[in-house]
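First up is the structure itself, then whatever we jot down about it.
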Amino acid sequence: MLDQPLIPVAQRTNPERSFREEVRALRLGEGEVFRGEGILAVAKAILQAGVAYVGGYQGAPVSHLVDVLVESQDLLDELGVHLETCTNESSAAALLAASINYPIRGCVTWKSIVGTNIAADALSNLASPGVIGGALIVIGEDYGEGASVIQERAHAYALKSSLWLMDPRPSLPTIVRCTEKAFELSEATNTPVMMELRIRACHVTGEFVAKDNKPPAISRNHRLAEPAEHNYDRISHPPSTYAHEKIKVEVRQPAAERFIVEEGLNEFLPGDRADLGIIVQGGITNVLVRGLDRLEIEGKVPTLVLNVTHPLVPGQIADFCKGKRAVLIVEEGAPDYLEQAIHAILRKRDIDTKIYGKDVLPMAGEYTAEVVTEGLLKFFALSANDIDLAKPRERFEAARAGRTEAQRLLGGSLPLRPPGFCVGCPERPVFSAIKLLEREVGKVHISSDIGCHSFATLAPFNLGNSILGFGMSLAAAGAVAPVMQKRTISVMGDGGFWHNGLLSGVASSMFNRGDRVLVIMQNGYTSATGAQFIPNTAGNRRDGETTSDIAATLKGMGVKWLRTIRTYNVATMLNTLREAMNTNDKGLKVIVADGECQLARQRRIRPEIAGQLKRGERVVRTRYGVDDEVCTGDHSCIRLSGCPSLVLKPSPDPLRSDPVAHVNNGCVGCGLCGEVVDAAVLCPSFYKADIVQNATWWDRLVWRMRSAVIGAMAGTAGA
Amino acid sequence: MPKPITVLVGALGGDGGGVLCDWIVAAAHAQGLGVQATQIPGVAQRTGATTYYLEVMRAAGPQSVLALNPAIGEVDVALATELLEAGRMIFNGFVTPERTTLIASTHRVLAIGERTAMGDGSFDVGRLLRAVKERSKSQMLFDMDQAAEEAGGVINAVLLGALAGSGRLPIPDAAFEAAIREGGKSVDTNLAAFAFGRGHARGELEQAVREHQKRQAAAIGVEDLIERARKSFPARSLDIVEEGIRRLTAYQDRKYAALYLDRLDGLNPELIRDVARHLAVRMSFEDVIRVAQAKTAPDRMARIRAEVRAKPGEPVEITEHFKPGNEEIAAVLPLWAARWLLARRPFHLSMHVRSTTVWGFARLRFLASLRWWRPRSFRYVEEQAEIERWLQSIKSAQALSPDLAREIAELARLVKGYGDTYARGLGNYRRISAEVIAPALAGKLAPSKAADAVANARVAALADPDGDSLSRTLAAIAA
C-alpha cells in the first residue's frame, strides 16, 4: 500500500498544468499574429469583444477555454473580467442572467449535449426575456469519433428555445470573427447565441491577426451604483412569457435574419455549375471541400456555407436554390433539421429544385472524409451524370478494396485499446475490492456514473449496469434497489457529487428512505476533464481554503452510516463493502473512497522529488516487481487490476510457454498489485523494492553489513 | 488547391503524441511552410489510443483547406509509436502501398484484452509485420522504445528523429532540433533520442541487440544424466530434457532428475519434447520450499537491481508479499498432519517478509533448506500420483493416436499457479480428464475426434476464469 504520507483531501494543491504560452498569447495586441488551437482562439476573441464575465463547466473539448483563463487571472484583473468556475452547467448558464438587465457581455461554455441538457432550464428562462448585453454560449459539440457522450445534436435546443446557433467553418479567422459577431448578433436581437465547435475544430491549429483586448465599460473594475430599474417584462413569468413567445418569432427572429445577411455571416463559395449547389453546415465545410477536391471538382459547384444554422434566412436559401436542378444538403447527425426546414422554405415558395441530403448521406454518425466522398459520388451520379467522375471513383474504390485486403491480411479485428485507469489510480483498488466482493456474494447491481470510474465498465473489470448521467448513479438505483434481494452499489465521483449527486442522489435517497450503498470516489479534482478544482479540492484559484468537505456535508444531511476509507487498502475496502452490503442498518450507506488523483499527484511531486534529489536529500523510491521464476502466467493479477504498468513479457523459462507478469518502469509504487495479491490470495510472485537514493552513511553501513551476511548465507546454501 | 503532405500519427496515451505534433508544427512554421494539425486526444488518462493528423505544405505560399480527418488512401507519412497502432492505421485503410511511408516502432504494448488472457493472448506479431510490409510503400521499423530508453528520453523524440531522417518533409534537421529546444522540456535527452532516431533512419546506426539473459542452473554433477538423455532421446528434444534435468536437480536432487528420465522412457519419440517440457514443470510444482528457493537464489538481487534501475551504491530494500494458508502449510506437512489441518476451517496468514534483512533472509533460507523433507510431504505424494495418472493416459493414448497423446500432454498447461488459481486449474484439468479423456481411452470416442475435443476443452478452460466456456464446450462434446 502507498507508503508516501497520505495527504488529506484538504491539502491537495494545484496540480499545475501550465498554459504559460497560451496565457501570453491572450495578451497579443493589434496586428500581432496569434497561433494556437481553435478553442484558445475563442478565448482570445471573447476578450477582444469586451466580455465582462466568463463562466463554464469543464469537459472535452472546451475545457481549455476556462482553464487558460484561470491561469490568466492577472490579465482578467486588469481588464475587469469576472471568471466563475461553476459547479455545473446550470450554474454557468444562470450567469448569463447578468445580461438580461445590464448591457454587459458574457460568455459561458460547456460540453454538449450533456452540458446543454443540464443547462436547459436556465437557458429557457434566459431566452424568454432575452438579453440586452451580448450573451454567448460556446458548446463543445462532442459528436463522432472520440466523443465520450451520447450522440445527440445541440441544434434541438436552439430550435425549441429560439436561441441562435452558430457553427463556424473550422478555420481560426472564421471562428474568431463568428465569436465577435455573436455578441453583436445577440445584442441586435436580444437573444443569447450558441456557438458549437466539434472536437477537431476545438483542437485545430492555425493563426489569425489579433486585436487589442477591450476592457468592458461596466465590470468589476467599473461597478454600477444602482441595480436596474424593476421591469416585469424581464421576468420569465406569466404574463410576460406570453409576450416573449410572440416577440421571439415576430421581432427577434426577423432581426437575426437581417443581421446574418447584412454582416455576411454565411459564406458563398462560387462555382461555374449554376445548375447545382451544396448547402453545408459551417463546421463540415472542410470535409466537404476536401471531398470535392478528391473528386477533382473543387471550385466547380456553388456552395452556401451556413456559419449560422439557426435561424436559416428563408430568402437566402430560396435565392441560392432558385433555378438549380439539384442541391445537396450536407448536415451531420440526426434528425435532419436543416433539410426539413429547407424543404419547407422551398415548398412555400413553389421552388421545385430537387433536394438531396440524408438520402445520399447517412442519417446518423460522423461525416468523415470517406462518408462525405461516398455521398458526393451518389449525389453527382443522381443529379449530374454529365460530370465524369470515373477516375476519382476508381481511386476511391481502390482505396476501399485495399482496406479490405489489409483487413484480410490482419485476419479480423485488432485488439481494442479502451481507456482505462492510470498507473497508480486510487479508484482502481475500489473496483478490485468490488470484484473480490462479488466472489463472495455473487454479482451485484452496480449503478455507474460519469467520470474516470466509468472505465470500470470496460475490461478488465466489466462492472456496471447503467450510466444515466453525471452524478445520477444513486438516483438511477432508486427503482432497482427495491426489487433486488442484494443491495445495489452506486459509484459516483466527487465531481459528480458536487455537480448533481448531492441533491438528485443523496437527498432524494434519504428522503425516500432508500436502502442502498453509495461509493464516492474522493480524489480531489474532476480528473477526467484535466484535474479542475471542485469544492472539496484544497483551495481554489483564489486562496488555499477548501470550500466544502464531503463527509461533513453528508453528516449535515443526516447520513448515519458513513465510512471514509483509504482506497489503496483493498482488504479494508473489501471489509467495508461487505459490511455495507450486510449490515442491518436500513437507509443510505456511504463509503467515501479517499485517494488523490495519481495524475495530479505525480504532476505535483515529480518536481518536488527532482529538487530533493538535486539538493542531495535522502529520497526513497518505491516500486513493485514480479519474480518471473515464481509467476506461472495465469494473469489473475491483471484481471483484478488492469494497471497499465502491470504488463506481460515472454516467459524467460524455456519450459513454460505462457507469458509472465512484469511490472514496467511506469510503476509509481501505489502498491495495489501487492494488495490485490494479498486480498485475493493469488501468488507469492510480487515484491516491493524501496530504492534509497542519496543514502546516508548509516543506510549504507546497514546495507553493507546485511549484504555481507546474506551473501554468506546464500553462498553456503548452494540451492 | 495545392496538395499538402499528409501525416497521420497513431500513439498511446503518454507517448507524447501531442508534443510530437507541436514539434512538427513549430519546425514547419520556422521554415515558413503552411501547416495545420488536429487531434482526437483521448481523455486525460494515460491509456487508450490517440490519433493526430497534420498537413504540411510542400512550399511556402497558399494553404489548402485543412481536412479535419485523414482520408483512406491519402496518407503520405504514417507514424506509430507501437506496432499494433501501426496495424490499426493499416486496418483502417489509411496506410497504402501506393503512397504511404510507414515509420513505426516494432515493440508491443499489449492491449488489456491481450493481457487478461489466462494463457498467451497476444496478437500475432507475424501478421502485423506481414501487413506492414505488404500494405505500405516503404517502411522504417525499429524498436523505438528501446532507443528511447537508451537515450534516456521519450519515444516521441525518437519518432521525430526517424521522420527527419526519412526526408519525407521539406524540413531540415536543424529546424526540428530548434523546435525541441524551444519546447524547453528535457531538451538534452530529447535531442539525444532525436539523434538516435535520425541516425537509425539514415542507416548510420546498427541497432544494439538486447541481450536476453537466460538463467540456467549450473550443470555440475548431472553430466551423467545428460549423457543418458543424449543416448535415449531424439536430438531435437534434448535442449528441453537437459533443462529439465538441471531444473529438477536444483529443485530436489539427482535422484529426482533420474526419476524424470525414467518417466520419459518408453514414450513415443515424437512426443518426448512436449511431454518432457510439461513433465519438468509438473515435477517442479510450486510449494513454499520452491518459492523460498527462488526468493533466495544468489543471482536474484542483481536481477532486481537492474529491473528497478537502482544505481550502484543505492541500497535496495525488498519486501515480499506472502499469504500462506492452510493449504500451503498442509502441502509441506506429513500426510496425517496435512489431512488434519485441511479438515479445519481455512485460514490465511498475511506475511510481509523483508528479505534484505538478515532475519528475513534467514527465515526464507530455512524454508528453502527444507527440500530434503519434500518427498515426505503431503503435496509431493499427491502430485506424484497425479503425474503418474497423466503419464499413464499419455502412454495409453499414444497407441491410439499420437495427436491425442500430445493433446493430453498439453493439457498440463491448465495446472499452474497458487491458491484458487491452482485449484481452479486442477479442477478444470480433472473435469476434462474425466469427461473427455477417459471416454476416449475407453474407446467411446474416436481418437481423432478426441484429440480435437481435448484441445477445444483446453482452450475453453483458458477462455474465462468462471468456467462458463468450459461447461458449454464439454456439453457440446457430450452431445
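Only a predicted model underlies this, so the values are computations on that prediction, with no experimental measurement involved. Convention: sequence-line order gives letters A, B, ...; per-chain numbering from 1.
Taking both residues in full, the closest heavy atoms of Ile691(A) and Glu314(B) are given as CG2-OE1, 3.2 Å, listed atom of the first, atom of the second, then distance. Shortest non-hydrogen contact noted between Met713(A) and Val358(B) is CE-O, 3.8 Å. Between Asp420(B) and Arg439(A), the shortest heavy-atom distance links the atoms OD2-NH1, 3.8 Å.
Once rounded to the nearest 0.5 Å, the distance linking CG of Leu66(B) with CZ of Arg200(A) reads 9.5 Å. One distance of note links CD1 of Ile638(A) with CD1 of Ile112(B); it measures 7.0 Å at 0.5 Å rounding. Between atom CG of residue Asp634(A) and atom CZ of residue Arg424(B) there is a gap of 5.0 Å, rounded to the nearest 0.5 Å. Ile199(A) contributes atom CD1, which lies 9.0 Å from atom OG1 of Thr38(B) (distance to the nearest 0.5 angstrom). The line from CG of Leu409(A) to CD1 of Ile90(B) is 9.0 Å long, rounded to the nearest 0.5 Å.
With a 4.5 Å cut-off on side-chain heavy atoms, His278(B) and Leu655(A) do not count as touching. Within the 4.5 Å cutoff, the side chain of Glu82(B) has heavy atoms near those of the Arg417(A) side chain.
Interface remark: of the candidates Glu134(B), Lys295(B), Arg130(B), Lys295(B) forms the most heavy-atom pairs closer than 4.5 Å to chain A. Of the listed residues (Arg108(B), His348(B), Met301(B)), the one with the most heavy-atom contacts under 4.5 Å to chain A is His348(B). Among the candidates Gly419(B), Gly325(B), Gly417(B), the residue making the largest number of heavy-atom pairs closer than 4.5 Å to chain A is Gly417(B).
One finds a salt bridge joining Arg656(A) and Glu286(B) here, because a Lys/Arg side-chain nitrogen approaches an Asp/Glu carboxylate oxygen to under 4.0 Å. Classification of Glu98(B) and Arg395(A) as a salt-bridged pair fails, no side-chain N sitting under 4.0 Å from a carboxylate O.
Only the side chain of Asn665(A) comes within contact range of chain B, with at least one heavy atom under 4.5 Å from a heavy atom of that chain. Neither the backbone nor the side chain of Thr373(A) comes within less than 4.5 Å of any heavy atom of chain B. In this structure, chain B has no heavy atom under 4.5 Å from any part of Arg704(A). Glu298(A) touches chain B through its side chain: at least one heavy atom from C-beta onward sits under 4.5 Å away, while N, CA, C and O do not. Using a 4.5 Å cut-off between heavy atoms, Val204(A) touches chain B through backbone and side chain atoms alike.
Applying the ring-ring contact (aromatic ring centres under 6.0 Å, His included) rule to Tyr422(B) yields no partners; only residues at least two apart in sequence or on another chain are considered.
Aromatic rings from His321(B) and Tyr624(A) are positioned such that their centres are separated by under 6.0 Å.
A cation-pi arrangement is present between Arg300(B) and Tyr687(A) under the rule of less than 6.0 angstrom and at most 45 degrees off the ring axis.
If you run side chain to side chain contact (heavy atoms under 4.5 Å, CB included) between Val65(B) and each of Leu292(A), Val289(A), Asp293(A), only Val289(A) comes through.
Side chains of Asp678(A) and Ser350(B): a donor-acceptor N/O pair is present below 3.5 angstrom, by distance only.
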